[in-house]
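All remarks here apply to the structure that follows.
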Amino acid sequence: MTQLIDSHTHIYAEEFDEDFSAMLQRAEESGVSQMVLPCVDSESWPLIQSLSEAYPQRLFPTIGLHPTYVKEDYEAQLSYLEQHLGEGIVAIGEIGLDYYWDTTFRSEQLKAFERQLRWAHQLGLPVILHVREAFRDTFDLLRSLQLPGLRGVFHSFTGSREELQEALSFEHFYIGINGVVTFKNSSLKEYVADIPLDRLVVETDAPYLAPVPKRGRRNEPAFLPYTASFVASCYQISDEELSARTSENARRLFALPPR
């Protein structure tokens, strides 16, 4: 069985407290061998750190302040996270801009985003980008900062075909696709195959966005093969090739060890 890498999963969330070990076993049985755990704030970091230390060949930590967690205390949050930057992390994330729910802290989101992009550049780490209703500001900031060699992934990509093309113009960035592509009302399936195969990674974003036929349930890494198989059909390639290519990409982006 070709192994899959879940490039973005929040399995440290309380939704997994009651069956964590069983959930990991189901992931293993479904062929999901490794997972990247994106940090969202100072409270999530200790959970991620503990799990990554317990499963060092399977779970990999990142550090970042998610844009929807940018509030009045964002500078204190960033200061806390900055103290832990050297602790085995494989990326800075998830970071970015989100104007979907609220724009009260729009300027603070931009400041936090820029600061964390600079962390990644200084440390030579990739970034995991969360972008929702904010592609223009994201693209403009990435260009204006001119951080040579900056690399990363546009996680949970749900932008338009035009936004996809602009995202791909950042040559060191990958596109992360999850269960949204399987949804009946998603247009993403119409142009997901525009992503070059060497720029594609797959993810669950668990516990959110479970793919069809599991939509409506708590998402988990064991459901990743449903998304991968659907995406493979969009490319008209085998599930095995899609799994191999996306896992190779995730391993390269995050410098993950073989397993």
Side-chain angles (χ1 to χ4, degrees), residues 1-9 11 23-38 57-60 90-91 93 126-129 151-161 163-184 186-206 208-215 219-259:
M1 179 189 298
T2 302
Q3 297 295 297
L4 277 165
I5 294 176
D6 188 345
S7 63
H8 193 111
T9 186
I11 56 171
M23 176 272 297
L24 275 188
Q25 182 62 32
R26 289 192 294 272
E28 185 78 19
E29 291 170 355
S30 70
V32 180
S33 59
Q34 295 174 313
M35 308 166 207
V36 176
L37 310 188
Q57 295 300 308
R58 295 189 66 188
L59 308 182
F60 300 91
V90 299
V127 291
I128 298 172
L129 301 188
R151 67 193 194 280
V153 55
F154 288 92
H155 131 76
S156 188
F157 187 87
T158 54
S160 66
R161 187 189 295 265
E163 288 164 338
L164 173 60
Q165 291 307 315
E166 190 159 1
L168 288 168
S169 74
F170 295 89
E171 60 179 333
H172 302 302
F173 278 76
Y174 295 74
I175 308 295
I177 298 296
N178 57 33
V180 170
V181 74
T182 71
F183 296 176
K184 185 177 180 180
S186 173
S187 60
L188 183 58
K189 62 177 72 70
E190 299 169 10
Y191 49 89
V192 66
D194 290 351
I195 304 168
L197 271 174
D198 62 357
R199 304 274 298 275
L200 174 72
V201 294
V202 290
E203 58 173 72
T204 57
D205 204 14
Y208 318 107
L209 305 174
V212 174
K214 303 293 186 179
R215 190 173 185 186
N219 200 6
E220 61 177 82
F223 296 169
L224 186 58
Y226 293 107
T227 297
S229 182
F230 184 92
V231 173
S233 71
C234 294
Y235 281 89
Q236 297 185 319
I237 61 176
S238 68
D239 292 3
E240 289 74 17
E241 182 178 357
L242 191 285
S243 297
R245 295 293 293 274
T246 58
S247 295
E248 177 186 344
N249 295 340
R251 190 162 282 119
R252 181 169 59 245
L253 175 61
F254 296 113
L256 304 182
R259 186 170 183 268

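- Atoms OG1 and CD1, from Thr182 and Ile177 in turn, are 11.0 Å apart once rounded to the nearest 0.5 Å.
- In this structure, Lys184 and Lys189 approach most closely via the heavy-atom pair O-NZ, 3.6 Å.
- Residues Leu59 and Ile11 meet the side-chain proximity criterion, which asks for heavy atoms closer than 4.5 Å.
- Expressed to the nearest 0.5 Å, how far CZ of Arg58 lies from CG of Leu37 amounts to 11.0 Å.
- Without hydrogens or angle criteria, Asn249 side chain to Val201 main chain gives no donor-acceptor distance under 3.5 Å.
- There is no side-chain donor-acceptor pair under 3.5 Å between Asn219 and Thr204.
- Side-chain atoms of Tyr235 and Ile195, non-hydrogen and from C-beta on, do get closer than 4.5 Å to each other.
- The two residues Tyr191 and Leu164 come nearest to each other via the heavy atoms O-CD2, 3.7 Å.
- In terms of heavy-atom proximity, Ser33 sits nearest to Gln3 at CB-OE1, 3.0 Å.
- Two residues are said to be in side-chain contact when any heavy atoms from C-beta on lie closer than 4.5 Å; Glu241 and Leu197 meet this criterion.
- Side chains of Leu4 and Thr246 form a contact here, defined as non-hydrogen atoms less than 4.5 Å apart.
- When side chains are defined from C-beta on, Val32 does not count as touching Thr9, because their heavy atoms never get closer than 4.5 Å.
- The stretch residues 247-259 participates, sequence neighbours left out, in these salt bridge (Lys or Arg N to Asp or Glu O under 4.0 Å) pairs: Glu28-Arg259, Glu248-Arg252.
- Within the 3.5 Å criterion, the main-chain N or O of Ala206 finds no donor-acceptor partner in the side chain of Glu220.
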Table please: side-chain donor-acceptor pairs of residues 222-231 below 3.5 Å, with sequence neighbours left out.
| unit_1 | atom_1 | unit_2 | atom_2 | d |
| --- | --- | --- | --- | --- |
| Ser229 | OG | Asp239 | OD1 | 3.3 |
| Ser229 | OG | Asp239 | OD2 | 3.0 |

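- Phe183 approaches Pro211 most closely through the heavy-atom pair CE2-CA, 4.4 Å.
- Across Arg161 and Asp194, no two heavy atoms sit closer than the pair NH1-OD2, 2.9 Å.
- No side-chain heavy atom of Asn178 sits under 4.5 Å from any side-chain heavy atom of His8.
- No side-chain heavy atom of Ser247 sits under 4.5 Å from any side-chain heavy atom of Gln34.
- Side chains of Val153 and Ser7 form no contact here, defined as non-hydrogen atoms less than 4.5 Å apart.
- In this structure, OG in Ser156 is found 11.5 Å from CD1 in Ile175, a value given to the nearest 0.5 Å.
- Distance check, rounded to the nearest 0.5 Å: CD of Glu203 to CD1 of Ile5 gives 13.5 Å.
- Judged by distance alone, the side chain of Arg199 and the main-chain N or O of Phe173 form a donor-acceptor pair under 3.5 Å.
- Of all non-hydrogen atoms in Leu200 and Tyr174, the two that sit nearest each other are N-CD2, 4.1 Å.
- The line from CG of Leu129 to NE2 of His155 is 9.5 Å long, rounded to the nearest 0.5 Å.
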